[in-house]
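One structure below.
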2 protein chains.
Amino acid sequence: MNDALDRGSLQGNQRTYTIGELAKMFEVTPRTIRFYEQEGLVSPLRQGQKRIYRDKDRVRLKLTLRGKRLGFSLAEIREVVLMYDAMPGGDALQLKRLLEIIAEKRSELDRQLEDIRLMRLEMDHVVQRAQEALSQLGQQEKQEKQEQI
Amino acid sequence: MNDALDRGSLQGNQRTYTIGELAKMFEVTPRTIRFYEQEGLVSPLRQGQKRIYRDKDRVRLKLTLRGKRLGFSLAEIREVVLMYDAMPGGDALQLKRLLEIIAEKRSELDRQLEDIRLMRLEMDHVVQRAQEALSQLGQQEKQEKQEQI
DNA sequence: GACGACGTTTACGTAAACGTAAAGCCGCAT
DNA sequence: ATGCGGCTTTACGTTTACGTAAACGTCGTC
């Protein structure tokens, strides 16, 4: 009855997802998503037993995975995400702490940019050397064929 | 007799280092460096029992740590580094494999650049919201003081 | 010649981030 | 009604990247 495009449901004008849908969407296993919940990174609603994820949770998951790709630990990611959530109502101290953390992360990102730049340079060198070596081998091959005549 | 600037030794016109020197230099523990050796990432010479590191090893360590900061596993780093070392003498197949691996890593780096860009944007938004909330709190404070008069 | 700083090996411990297996509930298509 | 796909919990297992402790060797120096 439902075709492949009709995934997820509509609840009170809010798009929702099952754990399996999100898992496929982000190419992780359901186990991973449950683990992230246990670590306080997503907080899906429940429909009886079943977890029911809203767009908010999908965004959380997206941010979490992006953080992971950048090498941040789940604990670090949670720290920022939870503070952000506590923002409307947080006191000045909390807000300043949040700004501090973000400043730290930002400088980490800057160091990463530099690391990427350097690593690219080195890769360029390696690629050059490898290609030279390859063309050398190509030449040698020709030589040997010539000698066979 | 030796002052602080006279670290390391000179062996056959080659600068060398002890494990402790390298450890301080890169802010890791000796244990970490020994572990990297066990994983085939550095191969120091031996002077009796003692490990003796050359510039080559220092560079290896530097590259390894840079890779780690970018979220690569030691196994991934080793793959590239070992192939690079086997380059002078590797056959065409090896060289092509090396180029393949590097191409993969490079595209990972590209995705990281994009991730960093996006994460920065989000951080900017968070910072803006936090600063607005802070100045709101500042205003409130003024208000309350006024009312006390 | 004892002491401290530094090095060594061996080996068990640990935190993070899941994987995997067992056992069971639920809706629904056959 | 039964089997199947997908969801659930519980719990133990695994990999990576080291930490930590024990027990010992080797300098330089006081």
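No experiment lies behind these values; they were computed from the predicted model shown. We name chains A, B, ... by the order of the sequence lines, and we start the count at 1 in each one.
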Phosphate contact (dG19(C) OP1 or OP2) by Thr29(A) side-chain N/O below 4.0 Å: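 Result: yes.
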Phosphate contact (dC6(C) OP1 or OP2) by Thr18(B) side-chain N/O below 4.0 Å: no
In whole angstrom, what separates [X]'s [atom1] from [N]'s [atom2]?
X        : N       : atom1 : atom2 : value
Glu27(A) : dC18(C) : CD    : P     : 14 Å
Tyr17(A) : dC7(D)  : OH    : P     : 15 Å
Ile19(B) : dG25(D) : CD1   : P     : 20 Å
Leu22(A) : dG6(D)  : CG    : P     : 15 Å
Gln38(A) : dA11(D) : CD    : C1'   : 11 Å
Phe35(A) : dC12(D) : CZ    : P     : 17 Å
Arg34(B) : dC18(D) : CZ    : P     : 14 Å
Tyr53(B) : dG7(C)  : OH    : P     : 9 Å

Residues [X], [Y]: salt bridge by 4.0 Å N-O rule:
X         : Y         : answer
Arg97(A)  : Glu100(A) : yes
Arg106(B) : Asp124(A) : yes
Asp55(B)  : Arg15(B)  : no
Asp57(A)  : Arg60(A)  : no

Glu39(A) or Arg31(B), whichever maps to the more 5' nucleotide of DNA chain C: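 The residue closer to the strand's 5' end, by nearest nucleotide, is Arg31(B).
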First of Tyr36(A) and Gln49(A) reached from the 5' end of DNA chain C, by closest nucleotide: Tyr36(A)
Sugar-phosphate, base or nothing in reach of Arg51(A), heavy atoms under 4.0 Å: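 Here Arg51(A) touches the backbone only, sparing every base.
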Between [options], which nucleotide has the shortest distance from any of its atoms to the side chain of [X]?
X        : options                   : answer
Arg46(B) : dG19(C), dC18(D), dT8(C)  : dT8(C)
Lys68(A) : dA17(C), dA17(D), dG19(D) : dA17(C)
Leu74(A) : dC18(C), dT9(D), dG7(C)   : dC18(C)
Thr32(A) : dT8(C), dC18(C), dT8(D)   : dC18(C)

5'-most by nearest nucleotide on DNA chain D - Ala75(B) or Lys50(B): Ala75(B)
Leu113(A) and Arg117(A): CA distance, side-chain angles, deciding distance, side chain to side chain contact (heavy atoms under 4.5 Å, CB included) verdict: CA-CA 6 Å; Leu113(A) 283 179; Arg117(A) 200 180 62 78; over 6 Å; no
